[in-house]
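Working notes, beginning with the structure itself.
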Amino acid sequence: MDVSDIFQNLNEPQRQAVTSESQNLLILAGAGSGKTRVIAHRVAWLIKGVGVSPHSLLTVTFTNKAASEMRGRIEAIVEEDMGNFWCGTFHGISHRLLRSHWEEAGLRREFAILDSEDQFRVIKRVAKSLGLDDAKWPPRQIQWFINKQKDECRRSKDVEIGDDYFAEKMNQVYIAYEELCERESLVDFGELLLRTYMLLKHNEQILQHYQRRFKHILVDEFQDTNEVQYQFLRLLTNGGSHIMSVGDDDQSIYGWRGAKSENINRFTKDYSETEVIKLEQNYRSTEIILSAANEVIKNNQGRMGKNLWTEQKEGEQISVYSAYNEDDEARYVVGSIQTWMGLGRNLDEVAILYRSNAQSRVLEEAILREGLPYKIYGGLRFYERAEIKNAMGYLRLVFGREDDAAFERVINVPPRGIGAKTIDVIRARALRNESSLWKAAEDLLDTEGLTPRAAQSVQGFMSDFDKLEEETEDLLFKDMVDHVIQSSGLIEYHKKEAGEKGRTRVENLGELVTAAADFESPETEEETSELKLFIDHAALDAGDTQAAEHEAAIQLMTLHSAKGLEFPLVFITGFEEGLFPHKLSIEEPGQLQEERRLCYVGMTRAMEKLFIIHAEMRNLYGSETFNPPSRFLREIPVELTLEVRTGGNIPRQQTRSKATSSGEVPDTEFKLGQMVAHDVFGEGVILNYEGQGANARVEVSFNKSKTKWLMVSYAKLRSI
DNA sequence: TAAAGTGAGGTTTTT
DNA sequence: CCTCACTTTA
């Protein structure tokens with residue numbers, strides 16, 4: 001291969017980014033500007049053009065899928081063995097480091113990874129043991145709290161509680177949870193990152209080793225990094241490595257789970273003499289779609305500033321359809337798809353996007369009525385399905401009896417007559433002995449601490465495992481998986497289940513055997529059993545939602561999951577206030593801006609044609625709601641849109657004209673977005689209103705206080 | 001121990 | 001209104 005091939009089809013800024021010799025590089029890459037391409041080509045350039053060994057490179061992505069795609073693209077360009085090239089997610093990389101340095105990290109050699117569900121169960125149990133009522137202290141919330149602390153790099157002792165009673169209680173659970181995980185060597189997702197960070201921070205030798213090794217670090221989706229990840233990168237680059245971060249502040253849509261797009265700004269400050277390159281040429285969308293998206297995102301404050309442009313043709317206007325209700329919305333979407341197909345286009349070019357998963361059902365039914373194939377993203381992924389988790393539980397327990405999460409999961413699946421009562425007894429014994437559940441069960445059998453009937457069941461359960469282990473000792477990994485699943489009784493159990501459900505479950509179990517047979521274990525420095533690697537793989541990579549079917553199908557997904565994808569034809573549905581922006585995000589300006597970015601992400605998925613649909617009436621939680629069209633619709637210049645109203649006279653809601661015209665609060669001096677001052681609450685901005693004239697109320701987000709609804713006639717607001 | 005009933009809760013999601 | 005998780009009941 002000729003090195004100059006690497007530059008083919010790159011534009012000037014892209015080429016600059018690929019070949020830059022700067023120590024620190026920040027690439028601000030707009031939607032559709034070829035950022036993945038830049039990373040792949042830079043890696044290729046470093047290897048082929050500069051002569052850097054693949055061994056000295058580290059590439060970080062956000063999903064496993066992105067990582068494998070990246071690797072594939074790079075291999076396609078370099079056409080040579082990439083040797084020991086590290087390319088993975090932050091979690092994957094952390095995991096690898098912890099496996100290599102388990103001892104220094106304070107873990108057992110065979111530490112187990114808790115996925116979210118495992119973590120949830122553990123937390124629930126811990127909270128209960130602390131005597132917390134789970135109605136008053138929802139375990140979900142505690143889990144959220146703990147994960148947030150870990151994202152922010154805080155152990156329980158670092159949490160600042162102040163006089164917050166809730167935080168205090170939740171932190172108590174965090175403390176107990178931490179102790180339990182420590183005792184049993186359990187590592188949740190957040191812990192993978194936090195512990196790796198601590199490992200590097202407190203082990204100068206190990207840190208130096210990796211600092212020397214990774215001469216170039218490349219980070220994708222930088223706007224989605226959280227605090228630990230940022231700190232981790234800081235440590236690693238401290239020894240003079242080159243770093244390139246690629247991101248787009250306008251596409252930061254994961255702030256709610258700890259991502260800090262400020263890390264982009266921070267980067268230019270923390271890394272001296274950062275070279276900043278902007279990729280602003282968009283290769284994806286028509287000019288109209290792009291301008292509309294630009295106009296929307298312009299309304300956000302504090303952007304880094306980027307202006308996407310394109311050489312593509314103007315294209316069609318954005319069709320805006322006011323549906324009568326959600327059924328009409330779905331009908332219209334399906335009808336438009338049929339028109340598209342009538343033009344000789346394909347179904348897999350089409351995506352239907354929505355803000356929340358609940359919206360998919362009506363759309364799905366409409367598609368089904370027309371007998372069109374479709375594929376829904378989201379929902380349970382392969383390794384998250386109950387039957388798969390059960391089977392994995394068997395494998396985990398065969399591998400190591402100390403795995404409590406697995407023990408609890410499978411002790412009575414299929415039913416063996418071991419009920420909640422018996423499990424409680426075992427759990428209590430485990431707590432007292434500070435031992436695993438398995439050991440506690442052994443202890444109870446020895447000391448006859450169980451009723452005879454329970455004892456017999458438990459004994460049966462345990463000897464099953466000893467037998468399984470014996471039988472599979474000499475088997476190859478894939479045969480072993482097969483054998484364990486066959487002998488577990490899970491297949492018979494699911495076969496008995498009624499209808500379709502049981503059948504797909506049995507099929508899934510077969511699929512798991514196939515997955516194990518196809519499993520390629522990654523090379524590691526430590527010799528680890530293939531089974532363990534497979535178990536970790538299942539925890540870290542939940543697998544695609546659906547096995548890729550090759551039939552062309554309409555793609556249905558949330559706006560979030562559409563990030564990174566592109567489609568010739570895109571529908572954004574449910575473009576209504578309260579739904580999008582979601583009502584829970586309207587109050588707080590920061591969250592509203594994230595909704596706007598989400599809108600930007602959604603719009604920029606479209607290559608050729610974009611439809612925006614809002615329903616004037618929607619059934620939500622059993623009652624009819626009348627939502628005005630989304631404020632984001634107002635932000636798109638009228639000349640870029642085409643209002644469609646097929647299907648006759650649809651009565652237009654009055655709210656629409658009012659809400660969309662100018663944002664003025666009728667018969668008052670105020671309008672949406674305006675800054676106002678209040679005698680008591682200080683300064684703030686008007687977010688919303690209802691009513692008019694003397695009855696008008698406005699919702700104001702105050703800088704120093706919470707968001708409040710105020711009567712205009714009483715509040716004595718002053719415009720500023 | 002499994003099936004029917006009750007009640008809260010209902011953004012977004014990866015690892 | 002619909003879904004799920006959990007509780008009650010045979």
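In this text, all values refer to a predicted model and were calculated from it rather than measured experimentally. Just so it is clear: chains get the letters A, B, ... in the order the sequence lines come, proteins before strands, and each one is counted from 1.
- Arg409(A) has a carboxylate O that lies under 4.0 Å from a charged side-chain N of Glu117(A), or vice versa, which qualifies the two as a salt bridge.
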In 5'-to-3' order, the base (B), backbone-only (S) or no-contact (-) status of each nucleotide in nucleotides 7-15 of chain B, using a 4.0 angstrom heavy-atom cut-off, is ---BBBBBB

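- For the P atoms, the distance from dT3(C) to dT12(B) is 15 Å, rounded to whole Å.
- Salt bridge Glu408(A)/Arg125(A): present, at least one basic N to carboxylate O contact under 4.0 Å.
- For the pairing with Arg396(A), the salt bridge (charged side-chain N to carboxylate O under 4.0 Å, His left out) check across Asp115(A), Asp404(A), Asp536(A), Asp118(A) returns one residue only, Asp118(A).
- Relative to the six-membered ring of Phe111(A), Arg99(A) meets both conditions, a distance below 6.0 Å and an angle of at most 45° to the axis.
- For the residue pair Tyr377(A) and Gln555(A), a side-chain donor N or O sits within less than 3.5 Å of a side-chain acceptor on the partner.
- Under the 90° criterion around 0 for the glycosidic angle, dT12(B) counts as anti.
- No salt bridge links Asp248(A) with Arg597(A); every basic N to acidic carboxylate O contact stays at or beyond 4.0 Å.
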Protein-proximity profile, nucleotides 2-10 of chain C, B/S/- by nucleotide at the 4.0 Å heavy-atom cutoff, equals S---S----

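- Within the 4.0 angstrom heavy-atom criterion, only backbone atoms of the sugar-phosphate kind lie near Ile418(A); the bases stay farther away.
- Ion pair Glu635(A)/Arg631(A) not flagged as a salt bridge, since none of the NZ, NE, NH1 or NH2 atoms sits closer than 4.0 Å to an Asp/Glu carboxylate oxygen.
- As rounded to the nearest Å, dC2(C) and dT13(B) have C1' atoms that lie 22 Å from one another.
- Partner Arg618(A) forms a salt bridge (charged side-chain N to carboxylate O under 4.0 Å, His left out) with one of Glu326(A), Glu576(A), Glu577(A), Glu624(A) and no other, that one being Glu576(A).
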